[in-house]
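For reference, the structure is listed below as structure tokens.
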Amino acid sequence: EVQLVESGGGLVQAGGSLRLSCAASGFTFDDSAIGWFRQAPGKEREGVSCISSSDGSTYYADSVKGRFTISSDNAKNTVYLQMNSLAPEDTAVYYCAVMVTDYSRSHYWDYESNYDYWGRGTQVTVSS
């Protein structure tokens, strides 16, 4: 059974930092790609970042480039999203999702339909 469990969300002041974790199980981590998405109240879900565990390629939305860093620990089957210089507009529920077998689908990392499984999300709230 594939499981993705997000953690690390919380309340932080603008300019602060948080690190989200996505603990994965039930598939071959090294063949996969894991992405982070977020959904703010009243808005559509949007792609934030993605990492391919097979070749280490990383992808970012323009809105987070230079502030967020995605990484993976293949030994722990965990992907991290380090979020720095947080702003109120980063407030959202953050979800991780997996392409169980990458097959270069990560090149189209911000297409939700490419992902096979989703976590339940973790709330990030940035106060001004």
Side-chain angles (χ1 to χ4, degrees):
E1 178 188 6
V2 173
Q3 286 193 326
L4 300 170
V5 180
E6 303 97 335
S7 62
L11 174 64
V12 64
Q13 288 188 331
S17 299
L18 284 173
R19 189 178 80 157
L20 304 183
S21 299
C22 174
S25 61
F27 59 92
T28 304
F29 191 82
D30 291 354
D31 294 338
S32 71
I34 290 184
W36 285 98
F37 287 74
R38 66 186 181 186
Q39 187 167 23
K43 294 188 177 181
E44 292 187 355
R45 190 157 57 185
E46 63 174 356
V48 175
S49 185
C50 177
I51 186 166
S52 171
S53 296
S54 60
D55 65 8
S57 297
T58 58
Y59 308 88
Y60 296 94
D62 288 343
S63 59
V64 306
K65 279 180 183 176
R67 300 189 299 124
F68 291 10
T69 303
I70 193 169
S71 62
S72 68
D73 184 336
N74 287 26
K76 294 183 178 180
N77 286 7
T78 300
V79 168
Y80 304 98
L81 185 68
Q82 178 67 44
M83 307 187 296
N84 299 329
S85 301
L86 284 162
E89 51 265 35
D90 295 315
T91 295
V93 178
Y94 283 71
Y95 300 89
C96 66
V98 63
M99 302 178 200
V100 171
T101 307
D102 189 351
Y103 288 148
S104 297
R105 289 190 291 169
S106 58
H107 293 177
Y108 306 97
W109 67 274
D110 53 346
Y111 285 72
E112 292 188 31
S113 59
N114 278 333
Y115 292 85
D116 304 305
Y117 298 92
W118 292 77
R120 294 188 174 185
T122 185
Q123 176 70 46
V124 171
T125 303
V126 184
S127 63
S128 58

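Keep in mind that the numbers below use all heavy atoms, side chains included, and drop hydrogens, waters and symmetry copies.
- Two residues are said to be in side-chain contact when any heavy atoms from C-beta on lie closer than 4.5 Å; L20 and Y80 fail this criterion.
- Smallest separation of non-hydrogen atoms from S72 and N74: OG-OD1, 3.1 Å.
- Taking OG of S52 as the reference point, atom CE of M99 lies at 8.5 Å (rounded to 0.5 Å).
- Rounded to the nearest 0.5 angstrom, K43 NZ and T91 OG1 are separated by 10.0 Å.
- Residues R105 and D102 are not paired through a salt bridge, judged by the lack of any N-O separation under 4.0 Å between the basic side chain and the carboxylate.
- Here the side chains of I51 and S57 are not in contact, with every heavy-atom distance at 4.5 Å or above.
- With rounding to the nearest 0.5 Å, the separation of CH2 in W118 from SG in C22 is 11.0 Å.
- No side-chain donor-acceptor contact under 3.5 Å links Q39 to the backbone of E44.
- A salt bridge links E46 to R38: at least one charged side-chain nitrogen sits closer than 4.0 Å to a carboxylate oxygen.
- A continuous path of ILVMFWY side-chain contacts below 4.5 Å connects I34 to I70, so both sit in one hydrophobic cluster.
- In this structure, Y117 is a member of the same hydrophobic cluster as L81, with clusters built from ILVMFWY side-chain heavy atoms closer than 4.5 Å.
- For the pair R120 and Y95, the cation-pi test (distance below 6.0 Å, angle within 45°) is failed.
- Note: the hydrophobic cluster containing V79 also contains V48 (ILVMFWY, side chain heavy atoms under 4.5 Å, direct or indirect links).
- In this structure, L4 is a member of the same hydrophobic cluster as V124, with clusters built from ILVMFWY side-chain heavy atoms closer than 4.5 Å.
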- Please step through side-chain contact (heavy atoms from CB on, under 4.5 Å) for the pair F27 and N77, ending with a clear verdict. CA-CA 10 Å; F27 59 92; N77 286 7; over 6 Å; no
- Task: Dump the intermediate steps for side-chain hydrogen bond (donor to acceptor under 3.5 Å, both in side chains) on E112 and N114, then the final yes or no.
- Result: CA-CA 5 Å; E112 292 188 31; N114 278 333; over 6 Å; no
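- Rounding to the nearest 0.5 angstrom, the gap separating the OG atom in S17 from the CE atom in M83 is 8.5 Å.
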- Task: Give the C-alpha distance, both sets of side-chain angles, the deciding distance and a yes or no for side-chain contact (heavy atoms from CB on, under 4.5 Å) between S54 and D31.
- Result: CA-CA 5 Å; S54 60; D31 294 338; 5.6 Å; no
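- You'll find the side chain of L86 reaches within 4.5 Å of the side chain of L18, heavy atoms only.
- Using a 4.5 Å heavy-atom threshold, the side chains of Y59 and S49 count as separate.
- Remark: side-chain polar atoms of T78 are paired, donor with acceptor, to backbone N or O of K76 under 3.5 angstrom.
- In the hydrophobic clustering of this structure, V2 groups with F29; members are Ile, Leu, Val, Met, Phe, Trp, Tyr whose side-chain heavy atoms approach within less than 4.5 Å, directly or through other members.
- By the 30° and 60° cut-offs, the orientation of the rings of Y115 relative to F37 is perpendicular.
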- Task: Test side-chain hydrogen bond (donor to acceptor under 3.5 Å, both in side chains) on D30 and T28 and set out the steps.
- Result: CA-CA 6 Å; D30 291 354; T28 304; over 6 Å; no
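- The two residues A61 and G47 come nearest to each other via the heavy atoms CB-O, 3.4 Å.
- In this structure, C50 and W109 approach most closely via the heavy-atom pair CB-CB, 3.5 Å.
- One distance of note links OG of S85 with CZ of R67; it measures 7.0 Å at 0.5 Å rounding.
- Below 30°, between 30° and 60°, or above 60°: for F68 and Y94 the angle between ring planes is between 30° and 60°, a tilted geometry.
- Between atom CH2 of residue W36 and atom OG1 of residue T122 there is a gap of 7.5 Å, rounded to the nearest 0.5 Å.
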